[in-house]
Amino acid sequence: MKKIFGAKKDKGPPPSIQDATERVNKRGETVDEKIKKLDEELARYKDQIRKTRPGPSQEAIKARAIRLLKHKRMYEEQRNMLYNQTYNLDQVAFAADGLKDAQQTMNAMKAANKELKGMMKTVKIEDIDNMQDEMTDLMDVSNEIQETLGRSYNIPDDVDEEELMGELDALEADMEFESAAVPSYLQPESDFDADLNLPAAPTGPAAITAGRQQVDELGLPTVPRASLRS
């Protein structure tokens with residue numbers, strides 16, 4: 001029976017959008033190459049028409065050029081059709097990718113929702129409120145303990161600030177009196193030159209007087225050059 005009717009062929013998977021797009025793009029590249037060759041031939045015929053005198057030969061060249069123009073228009077129409085097909089396939093691919101992304105987003109949200117529900121079962125708002133109340137009570141107790149431990153002893157609470165300020169002023173007055181009673185030779189050294197307002201010492205080389213003998217850098221008298229020559 002299989003020999004008479006033939007065996008049923010297994011159908012392969014349908015082509016994907018990417019496969020169809022690649023096939024259409026290859027056809028478009030082929031058509032572009034043909035149009036490019038026709039443009040080169042038309043340029044050559046155009047040059048021949050310009051160089052040929054009017055007559056039968058020029059008319060024959062024009063007829064060939066017109067025939068090439070018709071072929072070029074046909075290929076251009078095919079290219080435009082292929083461009084439209086590519087545009088439609090791109091739109092379908094974009095829509096399919098958008099649906100796939102939406103499906104993945106929905107699956108991720110469902111998994112997250114399920115996980116959150118499981119986590120919420122283990123967490124109760126009442127337990128959180130009770131824990132917050134306990135933490136507040138513990139902090140209050142801790143503050144009371146710190147205040148108790150930081151309390152000073154033997155210091156009256158009703159201390160007059162004006163009285164303390166008066167004692168501080170009296171202490172400063174006593175310190176000023178004691179510093180004034182100290183002799184000058186026991187007081188800290190001051191800038192004696194600044195007190196006398198003396199001019200600053202010259203920094204340049206000192207001028208040599210006419211009656212004074214010259215000395216070298218070691219302080220010894222210099223020997224005149226005439227005596228060295230003799």
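Position 1 is the first residue of the sequence, and the numbers go up from there. Predicted model, so just to flag it, every value in this text is computed and none were measured.
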Once side chain to side chain contact (heavy atoms under 4.5 Å, CB included) is applied, do any residues pair with [X], and if so which ones, sequence neighbours excluded?
X     : result
Glu41 : Leu38, Arg44, Leu68
Tyr83 : Asp32, Arg79, Asn80
Thr52 : Ser57, Gln58, Ile61
Glu40 : Lys36

For [X], enumerate each residue passing the side chain to side chain donor-acceptor pair (under 3.5 Å) test, keeping only those at least two apart in sequence or located in another chain.
X      : result
Thr86  : none
Arg53  : none
Lys110 : none
Asp39  : Lys72

Legend entry - Whether Ser142 side chain and Leu138 backbone form a donor-acceptor pair below 3.5 Å: no
Rounded to the nearest 0.5 Å, what's the gap from [atom1] on [X] to [atom2] on [Y]? Could you check?
X      : Y      : atom1 : atom2 : result
Lys124 : Asn130 : NZ    : CG    : 11.0 Å
Leu69  : Lys62  : CG    : NZ    : 12.5 Å
Gln85  : Arg27  : CD    : CZ    : 6.0 Å
Ser16  : Glu22  : OG    : CD    : 7.5 Å
Asp90  : Asp97  : CG    : CG    : 10.5 Å
Gln78  : Met81  : CD    : CE    : 6.0 Å

Considering residues, nucleotides and ligands other than [X], do more than 12 of their heavy atoms fall under 6.0 Å from its [atom1]?
X      : atom1 : result
Glu172 : CD    : yes
Leu116 : CG    : yes
Gln91  : CD    : yes

Minimum-distance pair of heavy atoms, taken over all atoms of [X] and [Y]:
X     : Y     : result
Leu42 : Ala65 : CD2-O, 3.4 Å
Ile17 : Ala93 : CG2-CB, 3.7 Å
Ile35 : Tyr75 : CG1-CB, 3.6 Å

Legend entry - Heavy-atom check, side chain of Lys117 versus side chain of Asn113, under 4.5 Å: yes
Show every donor-acceptor pair shorter than 3.5 Å between a side-chain atom in residues 101-109 and any protein atom, with sequence neighbours excluded, or say none if there are none.
residue: Thr105; atom: OG1; partner: Asp101; partner atom: O; Å: 2.7
residue: Asn107; atom: ND2; partner: Gln103; partner atom: O; Å: 3.2

Inset, instruction - Under the salt bridge (Lys or Arg N to Asp or Glu O under 4.0 Å) rule, collect the residues that match up with Lys114, sequence neighbours excluded. - result: none
Legend entry - For Asp19, salt bridge (Lys or Arg N to Asp or Glu O under 4.0 Å) partners two or more places apart: none
Inset, instruction - May I ask you to list the residues sharing a hydrophobic cluster with Val123, side-chain cutoff 4.5 Å, ordered by chain and number? - result: Ile128
Inset, instruction - For a side-chain contact (heavy atoms from CB on, under 4.5 Å) with Ile145, tell me which candidate from Leu149, Thr148, Asn143 qualifies. - result: Leu149
Inset, instruction - Check the hydrophobic clustering (I, L, V, M, F, W, Y; side-chain heavy atoms under 4.5 Å; chains of links allowed) and say if Leu82 and Met74 are grouped together. - result: yes
